[in-house]
Amino acid sequence: MCGIAGCIGSPDAGKILIDALKRLEYRGYDSAGITLGGKKLHTVKTAGKVAALEAKLLSSGYKGTRGIAHTRWATHGIPSEANAHPHLTEDGTISVVHNGIIENHQQLRAELEKKGHVFRSETDSEVIPHLLEESGESDPLAAALYAFGRLKGSFASAVLFEKYPDQMICACHGSPLVLGLGDGMNLAASDMLALAPYVSRIVVLHDGEAARITANSAELFTISGAKSIQLREEPVPGEARNADKNGYEHFMLKEIMEQPEALEHAFAGRMNGDRGVPTFPEFGLSPRETARISRIVTAACGSSMHAGLTGQYYFEDIAGIAASVEQAAEFRYRNPILEPDTLVLAVSQSGETADTIAAVREAVAKGAYTVGVCNVPDSTIARESDCRIYLHAGPEQSVASTKAFTSQVTTLLLFSLFLGRNRRLSRDDGLALMREAERIPDLVREVLKHADEIRDLARKYAWAEDLFYIGRGCLYPAALEGALKLKEISYVHAEGCHSAELKHGPIALLDEKVPVIALANRIPGQEKMLGNIRECLARNAPVIAVVSGNDTCLDSFGVDLIRVPESSRFTAPVSTVVALQLFAYYFACERGCAIDQPRNLAKSVTVE
Ligand code: AGP
């Protein structure tokens, strides 16, 4: 995915747009560009990060009262100046930034080339300025409606016309776009985080909508039909204003450290009453319909899939409902069997992951009741699901998911309790589980107190080029998540593995150069895990074991220990993963890696 921003009505649009791009950089950071307009349009582009664009813009001396800007995560064509946005018409009078994928770009490009248009990049996006030119329309909105109406796929886009200096046109379908309304200045961006410092109100564009923005006005239209729509203004949410690093060196560390509060938000408003039933008023099924749910299928990707895998244990053990988890792309293409009583959960921090969106659409088409478990309000998955359960974790900006993951797991635990109490779970068992769940924020606080010890251990092992993470039961997905965290930010090979699976092949890779992180918490199955640790030690693999409280079970093993508080098998995944997040963070810092913007990655994957 990419980040786009637009600004009209500022004496220094360049400064605002560069700042907005820095806030959007989590969405992609391999190249960047900006068009500024005074009388003429001036464009500056570069391969590399926004800081490089800022320097180039400063030395160009270009200023403007309006502009559009882009930070890219390459999909079509390598990260280069030519492929960076904005893309322009040959005469340079129409400039466009785009986020999304234009599925029919080849066909459009062939058609436009036949008509004499010359393309300068390998991108799908470049068809947009040429379509605008080709429209033959004299009104910019009419030209935009024609051009966007021709696109298949997803887009969020902003357009400047040299001939119409008083306006900017925006449109979106399947990619997010938010307008920001200020005082004599209006903005647009892929994420409200980019706008929050400058505006008092926002308007979230819905799929298939376009906007005409001037310095003092904003109007909404449907792309198909040019029908005027009422502006849905809302105040900027407080959390969007709190999007800085707060003194931490990286967003990832900030987001790890703010987990106790983020997790408290996951409980807010859910723990009323003494019946042991968390409240989920947003879940639209009646108690009778809920009791009839025969199966839960979770579709998700990456960390969200690991949260879903943890939820699978909760749904089966606590709610007594058969559960499975599908990689969202598999769900989509495997023609899944969904009975009328199947509940489909789409778990996604961003709510914009292409494969998970497609899974929701597939489930809706097959008549299943769909629940979007999302962090970003009003995101595509939230909007398209039958009901939405929000995490309330606040914006997550580091590419590596931390607080969203633990909030997902906690929310799925509460949701399983809600479903369980609707079925066979007794009031007493429900209450006991609720009390246990309520400890989660404090369990995490306790882990964070030991951050320095975990840092020292991470430094000790930062030489490793291959690591295994092993777990079982509810901690098996935690092992997968720990390995994902390490590999995505440190570029070191890390593999999550069921501890019983190790000897079915992966153990062949173990030797003194391959440390194993073993999740040996005091939960059912611990005895077996101790046996698995012995197997690793017998192959000379150094072992770092996560253990509960003052457990002495590994004292005679001579292994390094990470201690997390004593907790049940249901809450241990959260506290354990927090320790693994810290380990990954300090390991990657020790190796000098770019923590918040790891190479080749972007915060959400809006392509298949
Ligand atoms: C997590 O650290 C990753 N960056 C990634 O796996 C992520 O969880 C995945 O892309 C899914 O994103 P989503 O939750 O926004 O759908």
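Just follow the structure's listing: the first ligand is 1, and inside any ligand the first atom is 1. The analysis underlying the following values was restricted to heavy atoms, covering all of them including side chains, and did not include hydrogens, waters or symmetry mates.
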Among all protein heavy atoms, pick the one closest to [atom] and tell me residue, atom and distance.
atom: atom 10 (O) of ligand 1; value: Val605 CG2, 4.1 Å
atom: atom 7 (C) of ligand 1; value: Ser303 N, 4.0 Å
atom: atom 13 (P) of ligand 1; value: Thr353 OG1, 3.2 Å
atom: atom 15 (O) of ligand 1; value: Ser350 OG, 2.6 Å
atom: atom 3 (C) of ligand 1; value: Glu488 OE1, 3.5 Å
atom: atom 14 (O) of ligand 1; value: Ser304 OG, 2.5 Å

So, applying salt bridge (Lys or Arg N to Asp or Glu O under 4.0 Å) with Lys403, which one of Glu264, Glu258, Glu255 is it?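 The option that passes is Glu258.
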By number and element, which atoms of ligand 1 are closer than 4.0 Å to a non-hydrogen atom of Ser401?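 Here the atoms of ligand 1 in question are 1 (C), 2 (O).
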Numbered atoms of ligand 1 (with element) below 4.0 Å of Lys485, judged on heavy atoms: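 Taking each heavy atom of Lys485 in turn, ligand 1 has 1 (C), 2 (O) under 4.0 Å.
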What about Ser348: any of its N or O atoms under 3.5 Å from an N or O on ligand 1?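 Indeed, backbone or side chain, Ser348 has an N or O that close.
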Checking the N or O distance criterion of under 3.5 Å, is ligand 1 in contact with Thr356?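 N/O-N/O distance under 3.5 Å: no.
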Centres of the Phe283 and Phe415 rings: under 6.0 Å?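 Yes, ring centres under 6.0 Å apart.
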Does the separation of the ring centres of Phe155 and His98 fall below 6.0 angstrom?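 Centroid distance Phe155-His98: not below 6.0 Å, so no.
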Determine whether the side chains of Gln581 and Thr402 contain a donor N or O and an acceptor N or O closer than 3.5 Å.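 Not at all, the side chains of Gln581 and Thr402 share no donor-acceptor pair under 3.5 Å.
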Return yes if a side-chain donor-acceptor contact under 3.5 Å exists between Arg591 and Ser490, otherwise no.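 Looking only at side-chain atoms, Ser490 and Arg591 do not form any donor-acceptor pair under 3.5 Å.
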Given 3.5 Å as the limit, does a donor-acceptor pair link the side chain of Tyr313 with the main chain of Arg569, or not?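 Not at all, since once roles are kept as given, no pair shorter than 3.5 Å links the two residues.
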Hey, could you give me the CZ/OG1 distance between Arg295 and Thr342, rounded to the nearest 0.5 Å?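 So the CZ of Arg295 and the OG1 of Thr342 are separated by 4.0 Å.
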How long is the span from the CD1 atom in Ile321 to the CG atom in Leu419, to the nearest 0.5 Å?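 Between atom CD1 of Ile321 and atom CG of Leu419 there are 4.5 Å.
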Per atom 6 (O) of ligand 1, closest listed option by heavy atom (Gly302, Ala400, Cys301):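 Result: the heavy atom closest to atom 6 (O) of ligand 1 is in Gly302.
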